[in-house]
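What follows is a short report on a single structure.
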Amino acid sequence: MNENLLNQLNDGQRKAVEYCDGPQLVIAGAGSGKTRVLTYKIAYLLERGMAPWNILALTFTNKAAREMKERIGRLVGPERAQRLQMGTFHSVFARILRAEADAIGFNANFTIYDQADSRSLVKSIIKEMQLDDKTYKPSSVADRISMAKNHLLLPQQYAVSSWAVDDAQQKRPLVAQIYSRYAERCRQANAMDFDDLLVQTYILLLHHDEVRQKYIDRFQYVLVDEYQDTNYAQQEIVLLLTRDHGRVCVVGDDAQSIYSFRGANIDNILNFQKMYERAQLFKLEQNYRSTQFIVQAANSLIRKNERQIHKNVFSENEQGERLTLKPAYSDKEEAIIVCNDIKRIRRKEGCEYSDFAILYRTNAQSRSFEEQMRKDGIPYRIYGGLSFYQRKEIKDVIAYFRVVANPSDEEALRRIINYPARGIGDTTVGKIVDTANLHNVSLWQVICQPMVFDLKLAKATLTKLEAFKDLIQQWGERIEDEDAYELGHSIIMESGISRDIYGSTNPEDLSRQENLEEFLGGMQDFVLSRKEEDREDETGLRDFLQEVALLTDLDSDNDAEQPKVVLMTIHAAKGLEFPTVFVVGLEENIFPSPMCTGSMRELEEERRLLYVAITRAERHCILTCAQNRFRYGRMEYDTPSRFIKDFDPSLLRIEGGNNAIHSTTTTSGNAFGPRQPAFARPRATTQNPRPVATQFMADPKPRLVPVRHEAPRPQSAAGDIGLKEGNVIEHQRFGIGTVVRLEGSGENAKATVDFKNAGTKQLLLKFAKYTIVR
DNA sequence: CACGTCACTGTTTTT
DNA sequence: CAGTGACGTG
């Protein structure tokens, strides 16, 4: 088996996999099989007898973790892969922090504040301190606090650091005080923001020797993916965990470090060998993804950067064609050019829409492409932007859940205390906040005991407050006994949210209704799949919240859908690859970003960003820029990006001309059928209707009666006995798959199924919903 | 206290 | 051109 594993690797990859004797830095050029090395290395460790729960693998996105787990499952079997400690820094640490919450003075039910929550809290604090919100812009103050945390600077240290000196020079000396209040408020709210998940983990491990030792013993081997994008806090935590035994492997590419705005420090990877004295360096330089011209063009670009680890990335694929730059008159024409190219290449090469990606610097650029693709009937999917969970109606529901799970959660409480309107307005909330601050307690404590804290309100308002308190408490009592779907459904019905959203016949509310239904369907899926995976004790509302708090748009893929052109920012495209890539908007005021001051460090990062974009392409890489662009509601003139001159001119073909103009006449109906409303919907998650959706639609008026709590009937119950190894089944969510193993019988019958698109899953047949295909 | 209207302002990238 | 905040009215 070991032999087999290693035979599937090239020399460099094999050496990197086999070396397990000490700290290891793997510099992996773009497309050189970085993920392959990580997965094989983990499989190799498992084959050599290491227990899966002793291996910690930290990734950058949930998606990367999931995919890696799947691939490892194929190598060593899904049971072992399932037990690996694998996930993003944030999700792994959130779990540890819940287990150890007591040690750092938090409650295990703490809420995770997202960026919007953080900003909103900072904003309230600035307001309470009666500061001018022009000098103290909430978002930049929040960013600064975040940055401080990424450097492990606590409020007390911050106040006496050079950071505070800088603040004073910027005429905003009170940031330190805001930071300090912010930290207090988070603690009162029993909440942690994204950065706290790192900071608190660090504090936990640093100050509690027995806890640290426990995790050092547990994580006998630590692997970190995308190491070039780790920040100081992450580096220090990994160091705490691995300094003693040195069994650490970090993988990354300094040329793809693009997250400095989030605190990522390229020095982490550049200086790894200084942090770990015995560290060995491995380089992967053969690119398997792209044609030679693409690799060479990317090399010629990145060569212009000074700070980097030298490497010689090469490809032995076909030479391919040169990069093409297609200048356009306007953003509108740019979109037309791209759409025409998609149609042309698709026809010529007979490929799918999903073989194309349009990558841009900022989310706002998606607009013109969206419009054009809708006109042309090209199916597309936009990633990023505002994700599903950031929609107002969804955030409202989640806010209710958060308050039920953790009533101290200030941000969630403020969001829902008067939604739907129940007569508790701004004035009342203001008084509650003041009282809470005065006594250093949470808003919830004040609401529960208004007399104790001497809350001065009219009798009628106090009554309303108490009714609200009772409402929340009554759900809270059910949290241990009911699953997320049952309780969530009740909350939506009884809170008045459904009355609000279904009450009006206003057509604009239709999409809110659909979103709510989709959300409920998602909750039902969550409960069902956990049951199928035999994790029935992890189906509660808190488990659901933990899951959604760290989800991103990229995580909600629906593989089974029809192929679509992908639109996303370059940042979001990291780690992905496509046969044809369009890198659009290569103009001075976009790329490099005008926010970038022009310092060498920042400019080099922008250049790396373009490098990342180019290296996503397998066969075709087409660049565009527009002379005029609609911005701020005005037409603005722009010159081509300075980065265009960085390419070796012999590798870049410039295709002038305005021939695309003629295609403006492209009509809406075409060979791919008439304009379909489905395309008009950027969110492609419109799925087959679920039972829950019909429950809602059948009865547009809100029902305040309790819903039926029956578990959805497994349609397959009768067919269970008939299932054999080798059967092909169609699962409700995972699609088509082959049964590779059956275990247990009756209640506990389990099947291991290798799904075509969804990977290998273990299904508890009692709950699984599927039909046998053959 | 809720709701509507009006003016303003400011736009990178995200776990 | 949004999305937000301030202000006035019912």
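Using a 3.5 Å distance cut-off with no hydrogens or angles, the side chains of A/Y182 and A/S118 do pair a donor with an acceptor. Side-chain contact of A/R262 with A/N231: a donor-acceptor pair under 3.5 Å is absent, judged by distance alone. Judged purely by distance below 3.5 Å, without hydrogens or angles, the side chains of A/D195 and A/S146 pair a donor atom with an acceptor atom.
The interatomic distance linking A/D143 (CG) with B/dT13 (C1') rounds to 11 Å, in whole Å. The nearest whole Å value for the distance from the CG atom in A/D117 to the P atom in B/dT14 is 18 Å. The CG-P distance, from A/L603 to B/dT12, rounds to 18 Å in whole Å. In this entry the distance linking CD of A/E636 with P of C/dC1 reads 15 Å, nearest Å. Nucleotide B/dT15 holds its P atom 10 Å from the NZ atom of A/K574, rounded to whole Å. Across the protein-nucleic acid pair, A/D229 atom CG and B/dT13 atom P stand 16 Å apart, rounded to whole Å. In this structure, A/D193 places its CG atom 18 Å from P of B/dT14, rounding to the nearest Å. As rounded to whole Å, 9 Å separates atom P of B/dT12 from atom CZ of A/R119.
You can call A/F261 stacked on the base of B/dT13; the centres are under 5.5 Å apart and the planes sit within 30°.
Nucleic acid contact class of A/F630 (heavy atoms, under 4.0 Å, all strands): none. No engagement by A/F89 is indicated, since no non-hydrogen atom pair under 4.0 Å with the nucleic acid exists. Backbone-only engagement by A/K137 is indicated by non-hydrogen atom pairs under 4.0 Å involving sugar-phosphate atoms exclusively. Here A/D114 lies out of heavy-atom contact (under 4.0 Å) with every strand.
In this structure, of B/dT14, B/dT12, B/dA2, it is B/dA2 that holds the atom nearest to the side chain of A/N418. The listed nucleotides are B/dT15, B/dT14, B/dC1; the one nearest the side chain of A/T569 is B/dT14. Checking B/dT12, B/dT14, B/dT15 against every side-chain atom of A/R361, the shortest atom distance belongs to B/dT12. Checked against B/dT14, B/dT13, B/dT15, the side chain of A/A572 finds its nearest nucleotide in B/dT14. With B/dT14, C/dA6, B/dC1 as the choices, the nucleotide that has an atom nearest any side-chain atom of A/T427 turns out to be B/dC1. Comparing C/dA6, B/dT12, B/dT14 by their closest approach to the side chain of A/Q115 singles out B/dT14. The nucleotide whose nearest atom lies closest to any side-chain atom of A/N363 is, among B/dT14, C/dA2, B/dT15, B/dT14.
Here the two rings, on A/F272 and A/Y227, have centers that are under 6.0 Å apart.
Two residues, A/T461 and A/T362, neighbour DNA chain B, and the one matched to the more 5' nucleotide by heavy-atom proximity is A/T461. Residues A/T428 and A/H571 each lie close to DNA chain B; by heavy-atom proximity, the contact nearer the 5' end of the strand is made by A/T428.
A donor-acceptor distance shorter than 3.5 angstrom exists from the side chain of A/N406 to the backbone of A/N190, with no hydrogens or angles considered. The backbone N or O of A/F630 sits less than 3.5 Å from a side-chain atom of A/D331, completing a donor-acceptor pair.
B/dT13 and C/dT4 have their C1' atoms separated by 23 Å, with the value rounded to a whole Å.
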